[in-house]
Amino acid sequence: MHFFKEKLASTLSGLVGIDETTLTDWIEIPPDKQLGDLAFPCFQLAKSLRKAPQTIASELAPKLMEIPFIVKAEAVGPYVNVHLNRKEAVSYWLLQMQDNRDFFTSSTGQNRAVAIDLSSPNIAKPFSMGHLRSTIIGTALANLLETDGYQVFRINHLGDWGTQFGKIIVAYHRYGDVEAIKKHPIQELNALYVRFHEEAETNPVLEDEGRAAFKRLEDGDKETLDLWRWMVSVSLEEFNRTYAMLGTQFTHVLGESFYNDKMAAVVNELSEKNLLTTSEGAEVVMLEEENFPPCLIRKSDGATLYATRDLAAALYRYRDLGATSLWYVVGGEQRLHFQQLFAVLSRMGYSFANDCRHIAFGLMKIGGKKMSTRKGQIVRLQEVLDEAVRRAKDIIDEKNPGLKSADATAKAIGVGAVIFNDLKTHRIHEINFSLEQAVAFEGETGPYVQYTHARACSVLRKAGLLSGLESTSEWVTEPLDGDVMIQPLQELDSLSYELMKTISYFPEVRKRAINEADPSLVAKHILDVSQDFNRFYHEMPILNAAPAERVFRLRLTDATRLTIRAALEILGIEHPVEI
RNA sequence: GCACCCGUAGCUCAGUGGACUAGAGCACUGGCCUCCGGAGCCAGGUGUCGCAGGUUCGAAUCCUGCCGGGUGCACCA
């Protein structure tokens, strides 16, 4: 649609003497499709022209009628509403898709590298529904950036270091049941962590023991280190099962411990740049000008902290990986930490600090309360996924018993439901976890979109245009030029036109989703496409239509298929051809 | 106490400067399969857009204050 906005703006520019770019921004999509395809509001002009906006609109309308691709331009109050020539618009959009003129992909990024910090679960703790958010939002953003020509590093910044490991080690020696731990490592290790905190309430000595145990770990004590290594490996084993199910992939899996040998250099650099101050026995970077509390670099006992590790990690991503922009998909509660981190980087003289973004998201709650691993109140992602897949399988058995790859499809749908349910809501909102909602298959859900895709595939298959293979990505018919294809058609009906028009918004939605780091825009858009397609499908015969209509409607069906597929790929959701 | 985020239909959410009755989905009630997949389509009705001021030709949208919920604020991550 952007193309037609620009064309309209170009003509308007000559009429009102304002530059095209500004006018393009002013042009809107009318709230009701009955009103037209584009609307030009005349309020802004009223001041400079000293005329009522209504007057301006009625003067402008007849002049816009002269534009070839416009069939109707009428003043409605202070707006000029414009109706495009449907056949011309549709052939433009179909060709734009066919030639991929910045439709599914573009090259704005020019191969610049963005490092995205995502998922980042903690070792020895269950992978909860809470981690799902960072994982799938980060993945969707990475996918989005790749469609725009960026190189993306997907970095899983594992929480594999810190005092909590000392605590678990203490609890392990005190209360650990080796057999039970071998059977269900994460579950038992987490239980030990919970128990530690319960006991520590009445026995404060434990806290000191925990710190001491962590000190042994830092000092490289063999036995402690072996225990830690074992915790890391069993945790990763379990995480990887979940990642495999979600289809999540990383380019780098680098835990916090990876930066242990890079901390001294960071502290030195801060010191050389005269940024360190000693305060209350600790070394900090004062951030008074920025109005932030000091950023703790080194504890009074000499140990480094979270911020120090994140600085080392940021420098590693910038220097060693060559990333020019760093994104952090981390919960909103860490906002201050990232503000401080970016401020320190900036003070160190790194201009890439301006290209660092904290992509914050809201908490996942349960029963209106924050999940807490310490209190054992969490929802394990794996359990939710398993349940979703079970339910999907039941529905397949009932509705499509002959389906060949039923298990794989059930997985695609169940997992798709859970992912889509999360991604469709703006990331900043808190989510009160509801199993029924997460595994819903009807209405505005992932399965609804997948169903629509499968339905489109089914029609194309019956027309002999799709072999039913995943790899079929090319257009179903030979490329055609211009409006040749739809020339034989009579007037275009509204259902077909609205479907095509909605699809045509895809490139703008994709761009906006990148700029706002908001995958939910893609999810919402693909629901619109699906709804339009299902309405179209219900009303218009495709396979049994007259030849000219049949060709056009098949193309529209294929355009729908390709758009849903592209959107689901961005969201990290599978798109089976049959469900 | 200070700072940030959120507050729209019974529930989950769109809309975040513009047009008339503020829109979807869920739930509830009715329709629709000799016809391309009923995980679908169609029809039914709900709102002090948290409250009060202000800015504006125009405010759910911007500003200020207040209320409610959440999160954060130096040696945890």
Rounding to an integer number of Å, can you tell me how far [X] [atom1] sits from [N] [atom2]?
X      : N      : atom1 : atom2 : value
A:R427 : B:rC6  : CZ    : P     : 11 Å
A:I431 : B:rG69 : CD1   : P     : 22 Å
A:F214 : B:rA77 : CZ    : C1'   : 11 Å
A:Q339 : B:rG72 : CD    : P     : 14 Å
A:Y193 : B:rA77 : OH    : P     : 10 Å

Pick base, sugar-phosphate or nothing for [X], based on heavy-atom distances below 4.0 Å to the nucleic acid.
X      : value
A:E280 : base
A:L543 : base
A:N81  : base
A:A303 : nothing
A:P31  : base
A:L403 : nothing
A:I579 : base

Practice problem: Begin from the C-alpha positions of A:D422 and A:T425 and carry the test side-chain hydrogen bond (donor to acceptor under 3.5 Å, both in side chains) through to its verdict. | Solution: CA-CA 6 Å; A:D422 195 316; A:T425 301; over 6 Å; no

Out of [options], whichever nucleotide has its closest atom nearest the side chain of [X]:
X      : options                : value
A:L35  : B:rA19, B:rG15, B:rA77 : B:rA19
A:A454 : B:rA39, B:rG37, B:rG70 : B:rG37
A:E430 : B:rA77, B:rA74, B:rG70 : B:rG70

| said: Ring centroids only, cut at 6.0 angstrom: are A:F258 and A:W161 within range, meaning strictly under it? | reply: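 Ring centroids of A:F258 and A:W161 are no less than 6.0 Å from each other.
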
Applying side-chain contact (heavy atoms from CB on, under 4.5 Å) to A:L38 and A:Y79, what does each step give before you reach the verdict?
CA-CA 10 Å; A:L38 293 171; A:Y79 289 87; over 6 Å; no

Look at the side chain of A:S300 against the base of B:rC75 and say whether a donor-acceptor pair falls under 3.5 Å; ignore hydrogens and angles. yes

* Taking N and O atoms by type only, does the side chain of A:T452 place a donor or acceptor under 3.5 Å from a partner on the base of B:rA39? -> no

Discussion item. Could you tell me how far B:rC67 sits from B:rG40 if I compare only their P atoms? Round to whole Å.
Written reply: 45 Å

